[in-house]
Amino acid sequence: MACNAARIKGFADMFPPDSDAFTRMETLARRIFGQCGFVELRTPVLEYTDLFRRSIGEETDVVQKEMFTFPDRKGRMMTMRPEATAGVMRAYIESSLHAGESVSRLFTTGPMFRYERPQKGRMRQFHQINCECLGSDSPYADADLILMLMRYIDALGLRDVSLKLNSLGCPRCRPAFKEALVAYLRDRRDGLCEDCARRLETNPLRVLDCKVPGCKELTEGAPRLLDYNCPDCKAHFDVVLDLLRDGNAPFELDNRLVRGLDYYCRTTFEVVSGNIGAQSAVAGGGRYDGLVKSLGGPDVPGVGFAMGMERVALLLPELEAPRKDFFLVALPGEDCESRRRQGFALTQRLRAAGLRGEMCLSEAGFKSQMRQAGKCNARYCLILGPDEAARQSVQVKDMDSGEQRLALMSELPALLEEKR
Ligand code: HAM
């Protein structure tokens, strides 16, 4: 059978500048999240399917139709993680982190997998930067996390994004809301799309964020979550909003913001952009106080978010790749091998001194090597001929002005550094 060497649909190879943008996002995340007390946790991409069913929720789109699930060789059901939170909770419980620090701040980054219809900003393998703060039910934890996210987004240089917030209430007050919503929707059932008619029975809150125009219109007058929040949930949310105002983070309340995963309670939020098409959510998250307990751990509250790296990459201002400092050419001819050795050693020394550059690997003629020097866009070409080699020196050619001068190899790091 012929080998199928094609890339899988919805899975991407990533070259610069996209791979550079990812490195930038990760480096800045480590710096800013590290400042706020987050430590990095790396969890496996494969987990038992049951973990996701129990945490994300049986009736969610993710569990119902988007997971990459298969049996292993012993018939146990495995799933490629569709998000990071569930695995982080499992790791938190298994390593008894709660027994140490009262608050754990865990940051994770890596690929996630969802079998969705690929489009701009929506992949089957995508990447998240994910933060979880476990061990506090204080509204200060919610606000601290959201302000950190907004500072990070600002530091990345993203403009024209907005922060949306809602409160889903708690297991005490949400049932009354659900009842009122279902009653409202049942009376209008005929106007719902096929998916929402099903959701009405299984997961009615999701009807509120259906994108089908008919459903949107129909839910315009639906009951609002905030009107059903109990006094405790309301007080909690009010403090979150106050702290965000004090922190100069503008936000909008959005009564349709219900999120696609079942573990949330109280504060939920999304950062959206109008500049990346239909898949406008750049980051999303919220509080999930019962989740750790429902997975067999202690009763530890938590709040977190994940940011979609592919979507952020669409919005990042492009940075110019840093220019190489040098490209070294050893002239062909008699004793060429000894010059190449000398050039090779010089290249290593210059790099050890912090300069960026490379030696021409081909043993082609002078003209061809100089063409390669031009293509690689280095600031200087270092030319090593027999005379130069004998005098422990090189010709330093400025690739912008064309000027050329002789310099001792020992002077080079300082000379190139000075002209940077
Ligand atoms: P989520 O809203 O499902 O939340 O995903 C977070 C972000 O991941 C989205 O806002 C989006 O930017 C990105 N994303 C999701 N699906 C795709 C896709 N198919 N292609 C490209 N990007 C995508 C969560 O995953 C929660 N675990 C967040 C969380 C952490 N809540 C609490 N802690």
Side-chain angles (χ1 to χ4, degrees), residues 9-12 14 18 22 25 33 38 41 43 47 51-52 55-57 60-63 65-68 80-92 104-134 141-142 145-146 148-149 152-153 156 158 161-164 166 168 206 209 257-273 275-292 300-316:
K9 184 175 172 190
F11 287 63
M14 204 185 299
D18 292 337
F22 269 48
M25 281 182 239
F33 301 164
F38 279 80
L41 166 67
T43 60
E47 301 271 3
L51 174 69
F52 300 114
S55 53
I56 296 172
T60 56
D61 283 354
V62 173
V63 169
K65 46 188 185 188
E66 294 172 3
M67 296 205 300
F68 280 88
M80 307 283 286
R81 61 179 181 191
E83 54 116 48
T85 309
V88 173
M89 298 305 120
R90 184 205 39 72
Y92 177 82
S104 303
R105 293 185 176 86
L106 304 169
F107 146 68
T108 311
T109 176
M112 310 292 152
F113 306 86
R114 294 186 193 176
Y115 199 92
E116 295 187 86
R117 195 167 46 78
Q119 58 174 233
K120 184 179 175 193
R122 190 162 71 189
M123 301 292 294
R124 290 185 174 166
Q125 175 177 300
F126 61 99
H127 297 75
Q128 285 185 343
I129 289 186
N130 184 87
C131 287
E132 311 292 356
C133 172
L134 285 143
D142 307 38
L145 191 84
I146 296 172
M148 177 183 83
L149 171 62
Y152 173 66
I153 282 179
L156 279 173
L158 302 197
V161 292
S162 49
L163 169 63
K164 302 199 167 196
N166 198 10
L168 293 188
R206 292 292 293 167
D209 76 345
L257 182 59
V258 289
R259 309 278 299 130
L261 314 158
D262 275 358
Y263 46 63
Y264 293 111
C265 64
R266 295 193 162 171
T267 316
T268 48
F269 57 93
E270 274 183 9
V271 176
V272 297
S273 159
N275 298 331
I276 48 172
Q279 302 307 315
S280 60
V282 170
R287 180 160 279 288
Y288 47 81
D289 290 348
L291 180 57
V292 178
V300 170
V303 58
F305 70 81
M307 189 192 84
M309 297 177 75
E310 280 78 1
R311 294 191 193 168
V312 172
L314 292 172
L315 291 166
L316 273 188

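Quick caveat: nothing in here was measured; it's all calculated off a predicted structure. We count ligands from 1, going down the list as the structure has it; atoms in each ligand are counted the same way.
Residues satisfying the side-chain hydrogen bond (donor to acceptor under 3.5 Å, both in side chains) criterion with Y263, sequence neighbours excluded, are E83, T85. Every side-chain hydrogen bond (donor to acceptor under 3.5 Å, both in side chains) that E47 has, sequence neighbours left out, goes to R90.
Among residues at least two apart or in separate chains, there is no salt bridge (charged side-chain N to carboxylate O under 4.0 Å, His left out) pair with a member in residues 305-315.
Annotation: cation-pi geometry not satisfied between R124 and F11 (NZ/CZ under 6.0 angstrom from ring centroid, within 45° of ring axis).
At a threshold of 4.5 Å between non-hydrogen side-chain atoms, the residues L316 and L158 count as touching. Between L314 and K120, some side-chain heavy-atom pair lies under the 4.5 Å cut-off.
Within 4.0 Å of ligand 1, heavy atoms belong to protein residues E83, T85, R114, E116, G121, R122, M123, F126, Q128, N130, E132, R259, L261, Y263, Y264, A281, V282, A283, G284, G285, Y288, G304, F305, A306, G308, R311.
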